[in-house]
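Reminder, nothing fancy here: chain letters follow the sequence lines and each chain counts from 1. We use all heavy atoms of the structure for the numbers below, so side chains are in, but hydrogens, waters and symmetry mates are not.
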Amino acid sequence: DGGITQSPKYLFRKEGQNVTLSCEQNLNHDAMYWYRQDPGQGLRLIYYSQIVNDFQKGDIAEGYSVSREKKESFPLTVTSAQKNPTAFYLCASSDGQGGNQPQHFGDGTRLSIL
Amino acid sequence: AQSVTQLDSQVPVFEEAPVELRCNYSSSVSVYLFWYVQYPNQGLQLLLKYLSGSTLVESINGFEAEFNKSQTSFHLRKPSVHISDTAEYFCAVSAPGAAGNKLTFGGGTRVLVKP
């Protein structure tokens, strides 16, 4: 079945440590996204990528970095500069442009501070 | 830029009763509208969408939403809820031609269906 796979499901970060969240899709979608979800705040866009080797900052990119070396993969690194990283992180993908394509989501990674 | 307001953060409802989740948006251009559902510890799933045409859209599991341009609203309704409808619901908008097909989400409405 086609879909988006996020790993790990749970992740713990120590002070001063960078951690990387994995996102893989086999839907052959061009665009991929990373969101952060906090209770009562909905989803906020961290980064998005429309094509391989290109990505743009979203609304809350500070303290995060991404890469898009392959169409199917869009890993997110939470750096030590992100002072409040505890959240639920969701990866999504969509096909085409124009705003009318729904996004497909993975099952998320929950990140906590040790 | 667009913004989305979901007026109720939580909606408790008894099983087999109707429910309405309110969504209002703000945009200087025409929009596409979406409702997503999130079950605990899972990602979001598309429930229904409005792109154009009939202002009333329906999902396969009994939900419906009506686009009201004059009131800039896209409220979600179900005439009779089940325990399995307990979840969080998100309203989202995008603009035609939006760079990267970006969505703007509301803050979510948590629905708790009681027996």
Inset, instruction - Could you look at B:Leu44 and say if it's the side chain, the backbone, both or neither that has a heavy atom under 4.5 Å from chain A? - result: both
Inset, instruction - Could you look at B:Glu88 and say if it's the side chain, the backbone, both or neither that has a heavy atom under 4.5 Å from chain A? - result: side chain
Honestly curious: do [X] and [Y] fall in one hydrophobic cluster under the side-chain, below-4.5 Å linking rule?
X       : Y        : value
A:Leu45 : A:Leu76  : no
B:Trp35 : B:Tyr39  : yes
B:Leu48 : B:Val4   : yes
B:Leu21 : B:Val113 : yes
A:Tyr35 : A:Tyr64  : no

Let me confirm one number: the [atom1]-[atom2] distance from [X] to [Y], rounded to the nearest 0.5 Å.
X        : Y        : atom1 : atom2 : answer
A:Leu90  : B:Gln38  : CG    : CD    : 6.0 Å
B:Thr104 : A:Arg44  : OG1   : CZ    : 13.5 Å
B:Tyr36  : A:Gln103 : OH    : CD    : 5.5 Å
A:Phe88  : B:Asn41  : CZ    : CG    : 6.0 Å
B:Leu103 : A:Tyr48  : CG    : OH    : 12.0 Å

Inset, instruction - Counting only heavy atoms closer than 4.5 Å, note whether A:Leu43 contacts chain B via side chain, backbone, both or neither. - result: both
Inset, instruction - Against chain B, label A:Gln56 side chain, backbone, both or neither, depending on which of its atoms sit under 4.5 Å from a heavy atom there. - result: neither
Legend entry - Residue pair B:Phe105, A:Gln41: steps toward the side-chain contact (heavy atoms from CB on, under 4.5 Å) verdict: CA-CA 9 Å; B:Phe105 286 88; A:Gln41 296 192 45; over 6 Å; no
Legend entry - Atom CG of A:Leu114: over 12 foreign heavy atoms under 6.0 Å: yes
Legend entry - Exceeds 12 heavy-atom contacts within 6.0 angstrom, atom NZ of A:Lys9: yes
Legend entry - Donor-acceptor contact present, side-chain B:Tyr32 to main-chain A:Pro102, <3.5 Å: no
